Every structure is written in structure tokens, then in C-alpha cells.
Amino acid sequence: MKFVKVEEIPKRKHGGWHHLQDMIGEFVNSDCKIVRIDLNEHDYVSLKSWNNSMRKAVKRSGHPVKVIQRDGILYLKKS
């Protein structure tokens with residue numbers, strides 16, 4: 001084992017910040033009753049983490065919105 005001198009610790013690489021509250025507000029103010037959420041491979045690590053994040057964001061927003069997962073796709077539905 002040995003030490004290797006470095007100048008700094010590399011920054012974390014992640015998909016970036018998502019403005020979930022903005023997305024929820026946009027959906028609530030639209031005339032759509034149900035929307036499908038399209039993700040790319042850089043958004044979240046897994047569908048489960050995306051589902052959990054969206055559910056927490058909806059709960060915090062206080063809007064009457066449901067998050068539904070079907071066949072690996074997430075949907076938002078106005079209650």
C-alpha cells in the first residue's frame with residue numbers, strides 16, 4: 001500500500017438537480033388530467049429512486065396529485 005499525492009478530490013458526477021416542484025406546479029396548472037414522465041438514463045439511478053423522489057415532492061407540494069407506476073413508466077394523475 002502507498003500514498004499518491006493529489007491536488008484535490010474530484011467532484012461527484014450526477015445527473016444534475018431536478019426541479020420537481022416546478023414540474024408538479026406546471027402539471028397542476030395545465031389542463032391535462034394524466035401525464036407520462038419520460039426519463040433518460042442520466043436522470044436517476046433507478047426507477048425506484050425516481051418514484052420515491054417524485055412521491056416525496058408531491059407530498060411536500062400539497063397538491064392533489066397521485067404518482068402511479070405501471071410497467072416501468074411513471075405517471076402523474078390529478079385527484
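We number each residue from 1, following the sequence as shown. Just so it is clear, the model here is predicted, and its values are computed rather than measured.
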Q. Roughly how far, to the nearest 0.5 Å, is the OG atom of Ser79 from the NZ atom of Lys33?
A. 10.5 Å
**Q.** Note, Leu20 side chain near Lys56 side chain (heavy atom, < 4.5 Å)
**A.** no
(Q) Using the salt bridge (charged side-chain N to carboxylate O under 4.0 Å, His left out) criterion, which residues pair with Asp22? Sequence neighbours excluded. (A) none
Q: Would you confirm whether Lys78, through its side chain, and Val28, through its main-chain N or O, come within 3.5 Å as a donor-acceptor pair?
A: yes
Q: Could you tell me whether the side chain of Val65 reaches within less than 4.5 Å of the side chain of Phe27, counting heavy atoms only?
A: yes
Q. Say you draw a straight line from NE2 of His63 to CD1 of Ile24; how long is it, rounded to the nearest 0.5 Å?
A. 7.5 Å
Q: Side-chain contact test, heavy atoms from C-beta onward, threshold under 4.5 Å: evaluate it for Leu76 versus Arg36 and give yes or no.
A: no
Q) Is a side-chain donor or acceptor of Ser53 paired with a backbone partner of Trp50 at a separation under 3.5 angstrom? A) no
(Q) Looking at every non-hydrogen atom in both residues, tell me the closest pair between Ala57 and Gln21 and how far apart they are. (A) O-NE2, 2.9 Å
**Q.** Val67 backbone acceptor or donor facing Arg55 side chain under 3.5 Å
**A.** yes
Q: Would you confirm whether Asn51, through its side chain, and Leu47, through its main-chain N or O, come within 3.5 Å as a donor-acceptor pair?
A: no
